[in-house]
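Report on the structure given below.
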Amino acid sequence: MQPHYDPRSIEQEAQAFWAQRNSFRSIEDPAKPKFYCLSMFPYPSGKLHMGHVRNYTIGDVLTRCYRMRGYNVLQPMGWDAFGLPAENAAMANRVPPAKWTYDNIAAMKRQLQGLGFALDWERELATCRPEYYKWNQWLFTRLFRKGLAYKKTGIVNWDPVDQTVLANEQVIDGRGWRTGAPVEKREIPMYFFRITAYAEELLAALDRMDGWPEQVKLMQKNWIGKSEGVRIGFEYQLENQKKVLWVFTTRADTLMGTTFLAVAAEHPIAAFAAKKNAQLAEFVEECKRGAVAEADLAQLEKKGMPTGLYCTHPISGEKLPVWVGNYVLMGYGEGAVMGVPAHDERDYAFALKYALPINCVIRHPAGDAVPQPWKPAYAETGRCINSGKYDGLEYQAAVDAIAADLKAKGLGDKQVQWRLRDWGISRQRYWGCPIPIVHCASCGDVPVPDEDLPVRLPEHLVPDGTGNPLAKMPEFYQTQCPSCGEPAKRETDTMDTFVDSSWYFARYACPDNDRAMLDARANYWMAVDQYIGGIEHAILHLLYSRFFTRAMKAEGLLEVEEPFTNLLTQGMVLAESYYSDAQGRREWINPAEVEVTRDARGKILGGRTRDGREVVYDGIGTMSKSKNNGVDPQAMIDKYGADTARFYIIFASPPTNTLEWSDESVEGSFRFLKRLWAYCVRFDSSGPGMTDDLAKATRFEIHSVLRQANYDLAKHQFNTVASAAMKILNALERFAGGRNKVTEEGVSILLRLLSPITPHVCHHLWRELGFGEDLLQAGWPEPDPAALEQEEIEYVVQVGGKTRGSLRAPRSAGQPALESLVRESELVQRYATGKPIRRIIVVPGKLINVVV
RNA sequence: GCCGGAAUGGCGGAAUCGGUAGACGCAGCGGACUCAAAAUCCGCCGACCGCAAGGUCAUGAGAGUUCGAGUCUCUCUUCCGGCACCA
């Protein structure tokens, strides 16, 4: 046996062993219980980042545990290969996105292989390959024919200089990232998936998904946002015609407190009123400038302008002014709201600003008038006041009565409203899956027939930032109508990359099938038993995948309707970021280049670069290209090996926590593996024998730690499993007695327990010490109940709730025996002198509290 | 702004059902080995008071429930994630 731990050689050797045996190839086998373990596939950016290493190590730990427990495990890998970064790289380097992407895939695949993950590479897929995206297109045409995919207009960010649509990410402080021009909103035709058709189902199923974190289910529930309320009509006259302005509210009980109405800038009433009012037209235009991201809109200063139109209150008949308000969203409800300033915070701020009346109609403890400033209590429900016939009614009774009266007048009824909007999938970009539609002057939008799929994306183009190159390429868009044969124009928009990632998990079951999207193998492997990925995907990706799985089930492609039985959301990997301020432009400096200065408490003040420039500390955050704070895991792997990298990342923090990168602690992980190696080197040489008592104590300690480790493993707290391995090694070293029955059992437990985390070194030592041919076949270690038996138990003794010491008692001692033991004990004599004992609380096996 | 989460020594974290706060590591300090350094090994390591025995305080802040609170309840602060065209 080599005297020193040399990760490079043993890792290569172990990987060659697994490759030669095809250890990780998965074959459908109905006789064995299956376990489909999936980590979110990476975007091929070129290099693995720390988040990837974390994600795939967590998945690999689970995969290897289940494999050793006898499950038929599938752990595949692929590439989420379409997307914006490839186009950005193309512009920067004048390389086609395809070439850049394929090169990146090759580089990252080598990195993944070097980490020794138990992956079935025969099932590898890439979403940019026609064999894959053909089925995106095929399913799209199916959904299109069913009406689950349809066309309508949508609002996008428009860069007026580059004449191009921008992603939200490309809008910085309301300006285009390349041109700096103020961004405008623009309405264009787009395709949508009717995810709202599944809103009720997607919501209801959450209650049955026990394997998902409550946190994620709650986020999805709020995102879907079912609210039950009332749709209310306010009549108005327009060019001598009677019209109705509809609003939706969940607080119909406050209807009598309505003092104004507000509509979104995109509302038809706003457009109509703006025609005769230049000032209003200017305001409506102002609202339409700027970016589309909801976070930006929500933080705008509340502004409004009257339209000059008045509506009639459906109950009181009062005239109410109609305003345009920039805080009203066209995309939710009716694009119009009733303004009840006394009981809604935003309406209140608006009314205060524009001196609109505030009428209090709900009794609340804070008083019946609404003074400044706003208090959250004003928005609470309560008994109606100042509301005529509704006075005295509680919330539900008031809503019921008002809804009934409105219904009788034809001016409203109860309604369910969803926050969830249909999923717009059109992207005016090149590097994505072409939408399989042909626009024909006489036949309209015609889906491409199956025999003409896939619509291939040309792979040689280089975008220049001024719109989609496909739209400038007649060879691509000139075609014939599949229906009438006349010349027609092919759609040049591509699909949102979320479409690609909404079904890839099922395709891993049958990536080689060129005749069908999915086959029977998908029903064997689906659903994914354990899905692992970043918490940042908690809503969009996971919700879209749930929708797609239902849509695929409806097509008869799958038997399951939920794709992921258990979900583990890993925390983000964070790092510090620093910038130097040069003429108002921030230059981001990689933390590896910064010497940090700290205050006396160790808090970071700032730092300087190696060449002496002052840098500003910008706090801690996700590793990102834009802040240049990514730490390359390859440096750690090259220096210490894959096992150290894997051990560090598991040991540093529990999977669901954020992980703050620190390269200092990597050294400690490496030291542990060296210590393990050194112990095994001297393991075979004989030492002094063990007494029975020592053997018993050693076994008790090792099996207790193992029991705890298995418990932690079940709740996916892997960092303490790594600690457990360290504790076992500490115990073995402390009781160093050479190779005997007890230490042999200890080492066998240690290597098996540790092997999912550091598979290479464990594989090597397992064979070297003669435990067997292949550790993967060894089976999972379970604690021996006999080793855990104890005759005496140590009780913690508290007096008046304060810990004062401990007391040994036989395991069999009951409450009365323990009480008399503790009364006589020296501890109680000392701490309870003179005070009468009122009560003695005994927690069996643990603690005795003497209440005085 | 809205939705979700987090906060424990100098640092990462542990504490299973409300029952010894700080397991296991990192950093630091002291020592052994060495001509020396690295590596390795041994010891110490929350704060304050005390020669010591020991005591008091302490889990972001403030209140509450309890024999007993890091854990439960309420209020607040700070940080992180998402907000529909980043993936």
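A, B, ... follow the sequence lines: proteins, then strands. Residue 1 opens every chain.
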> Who are the side chain to side chain donor-acceptor pair (under 3.5 Å) partners of Y327(A), not counting sequence neighbours?
Replying inline: D347(A)

>> Just to be sure I follow the notation: if a pair is Watson-Crick (purine N1 to pyrimidine N3 plus N6-O4 or O6-N4) or a G-U wobble (N1-O2 and O6-N3), each under 3.5 Å, what dot-bracket string does RNA chain B give, with | for pairs to another strand?
In response: (((((((..(((......[....))).(((((.......))))).((((....))))..(((((..]....))))))))))))....

> T492(A): what forms a side chain to side chain contact (heavy atoms under 4.5 Å, CB included) with it, not counting sequence neighbours?
Replying inline: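 For T492(A) the side chain to side chain contact (heavy atoms under 4.5 Å, CB included) partners, ignoring immediate neighbours, are N468(A), L470(A), A471(A), F476(A), Y477(A), K489(A).
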
>> Run the side chain to side chain contact (heavy atoms under 4.5 Å, CB included) test against L84(A) and tell me which residues pass, sequence neighbours left out.
In response: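 For L84(A) the side chain to side chain contact (heavy atoms under 4.5 Å, CB included) partners, ignoring immediate neighbours, are N88(A), A167(A), E169(A), Q170(A), R429(A).
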
Salt bridge (Lys or Arg N to Asp or Glu O under 4.0 Å) against [X], all qualifying residues, sequence neighbours excluded:
{"X": "K217(A)", "result": "E214(A)"}
{"X": "K303(A)", "result": "E286(A)"}
{"X": "R251(A)", "result": "D253(A)"}
{"X": "K221(A)", "result": "none"}

> Roughly, in whole Å, what's the span from CG in L540(A) to P in G82(B)?
Replying inline: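 So the two atoms are 10 Å apart, to the nearest Å.
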
> Tell me: CG of N326(A) to P of G1(B), nearest whole Å?
Replying inline: 16 Å

>> Please determine whether a side-chain nitrogen or oxygen atom of S653(A) lies at a distance below 4.0 Å from atom OP1 or OP2 of G13(B).
In response: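 So the side-chain polar atoms of S653(A) do come within 4.0 Å of the phosphate oxygens OP1 or OP2 of G13(B), strictly under.
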
>> It should be established whether Q220(A) places a side-chain nitrogen or oxygen under 4.0 Å from OP1 or OP2 of nucleotide G82(B).
In response: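 Answer is no, no contact under 4.0 Å.
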
> Thinking salt bridges, do K353(A) and E301(A) make one under a 4.0 Å N-O criterion?
Replying inline: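 Yes, this pair counts.
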
> How far does the C1' atom of C72(B) sit from the matching atom of C79(B), given to the nearest Å?
Replying inline: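 Looking at atom C1' only, C72(B) and C79(B) are 24 Å apart.
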
> Does S426(A) or R346(A) map to a spot on RNA chain B nearer the 5' end, using the closest nucleotide for each?
Replying inline: R346(A)

> Nearest nucleotide by nearest heavy atom, which residue falls closer to the 5' end of RNA chain B, I539(A) or G83(A)?
Replying inline: I539(A)

Dump the pairs, protein N or O against N or O of nucleotides 71-77 of chain B, anything under 3.5 Å, distances to one decimal.
none

> Which pairs, with at least one residue in residues 714-723 of chain A and sequence neighbours excluded, count as a salt bridge (charged side-chain N to carboxylate O under 4.0 Å, His left out)?
Replying inline: none

>> By the salt bridge (charged side-chain N to carboxylate O under 4.0 Å, His left out) test, which pairs, at least two apart or in different chains, include something from residues 38-52 of chain A?
In response: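 Residue pairs with at least one partner in residues 38-52 of chain A: K47(A)-D632(A).
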
> Side chain of N222(A), base of C3(B): donor and acceptor closer than 3.5 Å?
Replying inline: no

> What about E294(A): does its side chain form a donor-acceptor pair under 3.5 Å with the base of C2(B)?
Replying inline: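 Side chain to base: no pair below 3.5 Å.
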
> Are W79(A) and F41(A) close enough that their ring centers fall under 6.0 Å?
Replying inline: no

Measure all distances between protein nitrogen or oxygen atoms and nitrogen or oxygen atoms of nucleotides 20-29 of chain B, and list the pairs falling under 3.5 Å.
residue : atom : partner : partner atom : Å
A23(B)  : O2'  : K727(A) : NZ           : 3.1
G25(B)  : OP1  : N730(A) : OD1          : 3.3
G25(B)  : OP1  : N730(A) : ND2          : 2.7
C26(B)  : OP1  : R671(A) : NH1          : 2.6

